[in-house]
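Written out below as structure tokens is the structure these notes cover.
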Protein chains: 2
Amino acid sequence: MPYEPSAFPPFAVTVDLVVLTVRRHALCALAVRRGEAPYEGKWALPGGFVRADEDLDSAAARELAEETGLQAHDTAGGLPGAHLEQLATYGDPGRDPRMRVVSVAHLALAPDLPSPTPGGDARGARWAPVEDLLVDDASTRRHADDGDKASLAFDHDQILAAGVERARSKIEYSSLATAFCPPEFTVGELRRVYEAVWGVALDPRNFHRKVTGTPGFLVPSGGTTTRQGGRPAQLFRAGGANLLNPPMLRPEV
Amino acid sequence: MPYEPSAFPPFAVTVDLVVLTVRRHALCALAVRRGEAPYEGKWALPGGFVRADEDLDSAAARELAEETGLQAHDTAGGLPGAHLEQLATYGDPGRDPRMRVVSVAHLALAPDLPSPTPGGDARGARWAPVEDLLVDDASTRRHADDGDKASLAFDHDQILAAGVERARSKIEYSSLATAFCPPEFTVGELRRVYEAVWGVALDPRNFHRKVTGTPGFLVPSGGTTTRQGGRPAQLFRAGGANLLNPPMLRPEV
DNA sequence: CAAATAGTGTCTATCAGACATTATATC
DNA sequence: GATATAATGTCTGATAGACACTATTTG
């Protein structure tokens, strides 16, 4: 079918964000409460319309900054940085009851933020453990009497699940887990990131050997720190290596 | 920014397809010649508008069937099957000079087709080695005097490169390479798929041990075949396993 | 016979997992 | 001293890469 630019069905295009962070040893996602119909009062992923003259990545970075004050990493700037990448696009007819909306979902990984409730927007917003948000469809939705644990608006359950799975698999073979850490961090803090994202316990000694033995993954920044009553730990920064080869294996079986 | 469904900028949404196959020991992509402006006469990826009531995946499957006669695997049907998955979405303002077009690129992997020129469309279409299509932007575009080796229309160079890289990395840790093979195939044929996609030579003995030793990857179908003057080879079908663990390592370094 | 491909076996270096041991902080 | 965490070391089983060897076809 040749292009017929004059006769195309009109779509609205939005970006939705899966913003993940690690808080109190748990993987958490940013959720905002909807202030209008449809799904009024329900929790949803942050997002918004792509502007007429705006690139998709720019729209995602703009929404991220509006909701969290975080600056995407590829752009320069003094704000605290976050990793941002495109995730997948969702365009089922009927995913939004009002009109045909195609949403380009993005995944953002951020270090733990000082503000418990992300600023920018007057609507309610919270960091929620993904374990609470992702009630498995196979299990009953009446898992608890807490209505907040029900599913998200639109198809955002599906989008969140895809983002979490992307993050879980990508830290296996990339240095992306450092995106959850502040600029300087210890091996133990990085290990607790892996443990929170995967939901497993890792051997501290084997983990230490693996991450310090992979060239380019971690660069010692010189200092040491004592955070919780033990031997002071060496501080590291993320090295230049983006790919981990061989990968960090997720314990499974 | 809250939703304002009444005031959104209108977009056109298309699907573009990176259709890959292995022909004569080379990884090839399907290219169609544009019959109208812009980029009239240039090669481009097949694609078209998403219809008003159509899912994105359905649109991609429909375009794939129109261009090649291949049926996507998740749908039942007697046609020869192909693997189809969403790749990424491209929405730079100005990527199409006529209007704002967001394209949801999909990746399709197909076995070698009998018809040299894929049917369905009267426009020119061809299987071109990706090596010829992907002239590196770093190297000079005047690499050869053959104008056909120049870049594709729109941002299709970038899309094709992303699709090729996705295929190259995904056959490492999944059984996806069998999507390039007919329903029954030999270990040698599967190895030649890997060699063509990666552009490297693999040790036949280690490859045989790896693929036959991974549970669920290959299932013997009983028969044997002699194709090219050697000992007859056992025939296999793709097993149920989708993930290869540990992965098949791409020789690199 | 030679040549080509299929399939099996062997050796070695590397690495993940399990776990011992030492070092240095707080309480 | 007790306890907690950091950092290094040791052992073992699994496996990838290199390569010898046998099996069975075509020419």
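Quick note on labels: first sequence line is chain A, next is B, and so on, each numbered from 1.
Protein atom CG of B/L244 is 14 Å distant from nucleotide atom C1' of D/dA16, rounded to whole Å. A/L202 has its CG atom 13 Å from the P atom of C/dA16, to the nearest Å. Regarding A/K210, its NZ atom lies at a distance of 18 Å from the C1' atom of D/dG9, rounded to whole Å.
When the salt bridge (Lys or Arg N to Asp or Glu O under 4.0 Å) test is applied to B/R192, no partner is found at least two apart in sequence or on another chain. Here B/P182 pairs with nothing under the side chain to side chain contact (heavy atoms under 4.5 Å, CB included) rule; sequence neighbours left out.
Under a 3.5 Å cut-off, the side chain of B/T186 and the backbone N or O of B/L235 do not form any donor-acceptor pair. No donor-acceptor distance shorter than 3.5 angstrom exists from the side chain of B/E63 to the backbone of B/L17, with no hydrogens or angles considered. The backbone N or O of A/L152 lies less than 3.5 Å from a partner atom in the side chain of A/D157, making a donor-acceptor pair.
Closest approach of B/H208 and B/V187 over heavy atoms only: CD2-CG1, 3.7 Å.
Residue pairs that meet the ring pair (Phe, Tyr, Trp, His ring centres under 6.0 Å) test with at least one member in residues 168-195 of chain A, sequence neighbours left out, are A/Y194-A/W198, A/Y194-A/F207. The side chain to side chain donor-acceptor pair (under 3.5 Å) contacts involving residues 209-218 of chain A comprise A/N206-A/R209, where partners must be two or more places apart or lie in separate chains.
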inquiry  = Each nucleotide in nucleotides 17-27 of chain D should get exactly one letter: B, S or -. Can you fill that in based on protein heavy atoms under 4.0 Å?
reply    = BBBB--BBBS-
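Looking at heavy-atom distances under 4.0 Å, A/P204 makes no contact with the nucleic acid at all.
Using a 4.0 Å cutoff on non-hydrogen atoms, no part of residues 173-201 of chain B comes near DNA chain D.
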